J.: 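Dumping the structure here so I can ask a few things about it.
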Amino acid sequence: MLDKHYDPAAVERRIYEAWEQGGAFKAGAGAKPGADTFCIVIPPPNVTGNLHMGHALNNTLQDILIRFKRMQGLDVLWQPGTDHAGIATQMVVERQLAERGEPTRWDMGRDAFIERIWQWKAQSGGAIINQLKRLGASCDWSRERFTMDEGLSAAVLKVFVQLYKEGLIYKDKRLVNWDPKLLTAISDLEVQQVETKGHLWHFRYPVEGQEGRYLTVATTRPETMLGDTAVAVHPEDERYKDLIGKHLLLPIVNRRIPVVADEHADPETGSGAVKITPAHDFNDFEVGKRHGLPQINVFDQYARIISDARAGDFGIPVEFQGLDRFEARKKVVAWFEEAGLLEKVDDHTLMLPYGDRSNVVIEPWLTDQWYVDAATLAKPAIAAVETGETAFVPKAWEKTYFEWMRNIQPWCISRQLWWGHQIPAWYAPDGHIFVEETEAEARAAAEVHFGKPVELKRDPDVLDTWFSSALWPFSTLGWPEETPELARYYKTDVLITGFDIIFFWVARMMMFGMHFMKDEKNIPEVPFHTVYIHALVRDEKGQKMSKSKGNVIDPLTLIDQYGADALRFTLTAMAAQGRDIKLSTGRVEGYRNFTTKLWNAVRFAEMNGCARDASFDPAKVEGTLNRWIVGETARTADAVTQALDAYRFNEAAGAIYRFVWNVFCDWFLEFAKPVFSGADEAAQAETRATAAWVIDRICRMAHPIMPFVTEEIWGLTGGTQAEGWLVHAAWPEDKGLGDKDADAEIGWVIRLIEGVRSVRAEMNVPAGAKIPLTLKGAGAEAAARLDRHRDLILRLARLESADVSEDDTAGAVRFVHDEATVLLPIGDVVDLKAERARLEKDLKKLEGEIRGLDAKLSNEKFLAKAPEEVVEENRERKAEAEARKAKLADAIAQLAAAG
RNA sequence: GGGCGAUUAGCUCAGUGGUAGAGCGUCUCGUUUACACCGAGAGGGUCGGAGGUUCGAAUCCUUCAUCGCCCACCA
């Protein structure tokens, strides 16, 4: 016996545990023999992470596809795992050390610190895996991987070494985005440009040999002037043309710097003269290279002014040495002001680069780093999307992908961290680099090179976390080993992710996948044929959820409150192919109510003895009601299938919602009530079996979206004996069921009941009052329909009687129902004036409709150019409207006669 | 500076050439073989503005307005 309210908290844990213990999600479980494969690799969440709303949406959508394909009998693998998240994880553990007053990572040393992180991972890492389970994710957990586990690390080494030997990975000294808090380089993608209100300082630089003449430069970064090695002006700029080739005397450091002509200087901007600091600005770096300027690095790794021997060489006064960059800025500005060389200060809005993890201003800094030649790797990855080998859904995202990939910059992959894949490069004392998968191989190579053994030192840096993520679609399947899984499931099918990850991850998987994986004809093979890009989840006001704003909705709280199914259904229903989802808890509550509604419908069916009948054949039902609901069910299942095939998740959810609530509950079950309590045993038996069959179909088609409640119902209604878990039950393929006669007849009854209800409510007929109904002018079919369904019409319209008759009752309330007029003689209750007003309102509306249709149908161009079926449809509508109009006019006349 | 997107009922959003929809909220009525996490009914929109294409436009095009996002080295 089902409880009155479904209790997700109690049911979900039990069911998930049973699924897992029963191996329900194992690769290939439940597949038909010889079935095709369907594989999704999960976007690996950070091992430090907690499930947020974005994960909930992302994994709900993946789970829907996985469960859908699994039920269709495919050999399904949903490959799970987590990401070691280099910076994030190292920060978490460092913070923990600080909180506990334990030694810092510097105190304990690299090996001990890494060991410490592994301990942390064993204890508290991967909480998100359990959270994914609470959401209902049906991953093959027996295959869970971690980007730092042995196999994946081997894959990383192999990829790095091969790319190095192919010349696609190289080391270079150039400006990088340096994070002076985390003390590491980061890639362009990890830099966030933030609009900031600042100032533009105008400094006067004295011209050498021309007493009293100055060249004014404008800068947003005064402190970098200590490293200036030139000033650039536009070659055509008349104001400064005579100064080109002359020299300036750089204040404070008394450095003699040239005025160079360079297109980079824009006469319209600032003063038209640009200070050039090649070691601290990306543009200036390029200008410096063009003019062979020295690169003077005035910052240390903390972005403080250097204070070692070089400081003196560069002429940096002692009082500036060791200052933080922002302190140095103040001091430089003060110096210029005092010296009378500060021309003016303007307010200025500029974009400042911030590190996405550290949230400090990033410093362009000159260092040696490792780079991937992304431009070369991007070429086949671009072509694969151009040819459609991999397609984005929605397609508009391809444009974003192309734009980035066609302008791709070298990818800086080295990080000055400890947690991650250490770069497999060893240095000989003379600086010669040996890149091999193991130290032994590096030694051997060095011995060959030098003709004798030499001492080697390994590069201390680790790789960008996204480097290992880029291998995820094949490394998780076993590569570089030639595993059966790799052969079977690569290429994978669909990748589901948010648009913010297209550059970080999707593009890089495309590049690496195509470089390392080849099909049987040795042609590069993409990692997946479809990339589904979903929206970002925001709060109900449309703001990005963030801890600092305090507007974070925790999916686990919602699961506790409303159940995982309700959350999943909400996210699915809102997953239209757009940019973002504004989530409100009211919506979740609404879909929680939906699960309760479904639950109660099943409970009602159970109370009325509806049980599965193995011999039931939906194609052979006889009762009109049953033929109708069988057809509705099949149509809904078909709509859901089509929606899921097209990744229109919201449409699938909408179809199920409407069918369960507005068709099955509102009408079928109500219509079934008189049958259940009636005397016709044959009809009763068929209706019971039909109801049970429909519930079975609902369970199946709703299972991908709401797996828990459907599995529970399926089990309680005897599903498990027949087919095992609902997880593995066959997806409904009931096309062609139902018939038009039944649809027409049930539709007629529904409209009749709705008509009566509407009139009753509008005329304020007390809900408890039973009134007689007369159907006037009814044809034979209408009379028969009334006869066949009299019981339930009486019941649902709250009537005393319902008969066909040509007798008119003066003063009856009336409405038009197809060819007939419905008369409801409600005697004293009728307010004739109100009734007349009601009818005239209807008439007016109808006349407006007819006018519109007339205009269309008398338009010759419309008749000539519109498709025949549209014209025909309009004709029918007009005929119908005219008939209704005549009936209404008649009704008003009757009323006038009565009054 | 370049690109993308949004603007539809009080709110949150579907719909993307052929009779304007849902959820929530509002109002009225209601315990009738499940469900008040319910049922019945009602009200509510010139689909951001202006042009255009079309027999027909919320839907396609142009333009304007407002809001948002992404990319970019402008001192």
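Heavy-atom basis, side chains included; hydrogens, waters and symmetry copies ignored. Note that the structure is predicted; figures quoted are calculated from it, not measured. Residue numbers start from 1 in every chain, and the chains themselves are labelled A, B, ... in the order their sequence lines are given, proteins ahead of strands.
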J.: Output the single nucleotide from B:C37, B:G2, B:C35 whose closest atom is nearest the side chain of A:N600.
T.: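 Of all the options, the side chain of A:N600 is nearest to B:C35.
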J.: Could you give the distance separating B:U62 and B:G5 at their P atoms, to the nearest angstrom?
T.: 12 Å
J.: Taking only the side-chain heavy atoms of A:P867 (C-beta and beyond), determine which of B:A34, B:G41, B:C55 contains the nearest atom.
T.: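 The closest nucleotide is B:C55.
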J.: How many angstroms lie between atom CD of A:Q193 and atom CG of A:L350, to the nearest 0.5 angstrom?
T.: 9.5 Å
J.: Please report the distance, rounded to the nearest Å, between CD in A:E268 and C1' in B:C74.
T.: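 From A:E268 CD to B:C74 C1': 13 Å.
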J.: Could you state the atom-to-atom distance from CD1 of A:I502 to P of B:G3 in whole Å?
T.: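 That distance rounds to 18 Å.
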J.: Which listed nucleotide (B:G18, B:A72, B:C35) is nearest to the side chain of A:M351?
T.: B:A72
J.: Can you measure from CD (A:E343) to CH2 (A:W201) and round to the nearest 0.5 angstrom?
T.: 15.5 Å
J.: With rounding to the nearest 0.5 Å, note down the distance linking CG in A:N874 to CG in A:L857.
T.: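 Separation between the atoms: 5.5 Å.
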J.: Among B:G3, B:G15, B:C55, which nucleotide has an atom closest to any side-chain atom of A:K399?
T.: B:G3
J.: Measure from the side chain of A:T220, starting at C-beta and using heavy atoms only, and say which of B:G41, B:A75, B:A34 lies closest.
T.: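 Side chain of A:T220 sits closest to B:A75.
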J.: Rounded to whole Å, how long is the line connecting atom CG of A:D666 with atom P of B:A40?
T.: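 Atom-to-atom, A:D666 to B:A40, this comes out as 5 Å.
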J.: Return yes when atom CD of A:E860 has more than 12 non-hydrogen atoms of other residues, nucleotides or ligands closer than 6.0 Å, and no otherwise.
T.: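 Atom CD in A:E860 is not crowded, with 12 or fewer foreign heavy atoms closer than 6.0 Å.
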J.: To the nearest 0.5 Å, how far apart are CG in A:D347 and CG in A:L200?
T.: 10.0 Å
J.: Picking from B:C55, B:C74, B:C38, which would you name as closest to the side chain of A:T269?
T.: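 Output: B:C74.
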J.: Can you tell which of B:C69, B:C37, B:G18 lies closest to the side chain of A:F862?
T.: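 The closest nucleotide is B:G18.
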J.: Should the pair A:K597 and A:Y657 be classed as cation-pi, given the thresholds of under 6.0 Å to the six-membered ring centre and 45° from the axis?
T.: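 No, A:K597 and A:Y657 do not form such a contact.
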J.: Where the side chain of A:L669 is defined as all heavy atoms beyond and including C-beta, which of B:A34, B:C55, B:C35 is the nearest nucleotide?
T.: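 Nearest listed nucleotide: B:A34.
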J.: Run the side chain to side chain donor-acceptor pair (under 3.5 Å) test against A:Q642 and tell me which residues pass, sequence neighbours left out.
T.: A:D638
J.: To the closest 0.5 Å, what do you measure between CD (A:E286) and CD1 (A:I276)?
T.: 11.5 Å
J.: Do NZ/NE/NH1/NH2 and the carboxylate oxygens of A:R757 and A:E754 come within less than 4.0 Å?
T.: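 Looking at A:E754 together with A:R757, the answer is no, because their closest N to O distance does not fall below 4.0 Å.
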J.: Could you run through RNA chain B and flag its stems, i.e. three or more consecutive Watson-Crick or G-U pairs with both distances under 3.5 Å?
T.: B:1-7 with B:65-71, B:10-13 with B:21-24, B:26-30 with B:38-42, B:48-52 with B:60-64
J.: So if I take every side-chain heavy atom of A:D266 and compare against B:A75, B:C35, B:U12, which nucleotide ends up nearest?
T.: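 Per side-chain heavy atoms of A:D266, the pick is B:A75.
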J.: Check the distance between B:U12's C1' and A:M574's CE and give it to me in whole angstrom.
T.: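 That distance rounds to 6 Å.
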J.: Looking only at the side chain of A:N283 (C-beta and beyond, no hydrogens), which of the listed nucleotides B:U19, B:C73, B:A34 gets closest?
T.: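 From the listed options, B:C73 comes nearest.
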J.: Summarise protein proximity over nucleotides 22-30 of chain B in one line of letters, 5' to 3': B for base, S for sugar-phosphate only, - for none, counting protein heavy atoms closer than 4.0 Å.
T.: -S------S
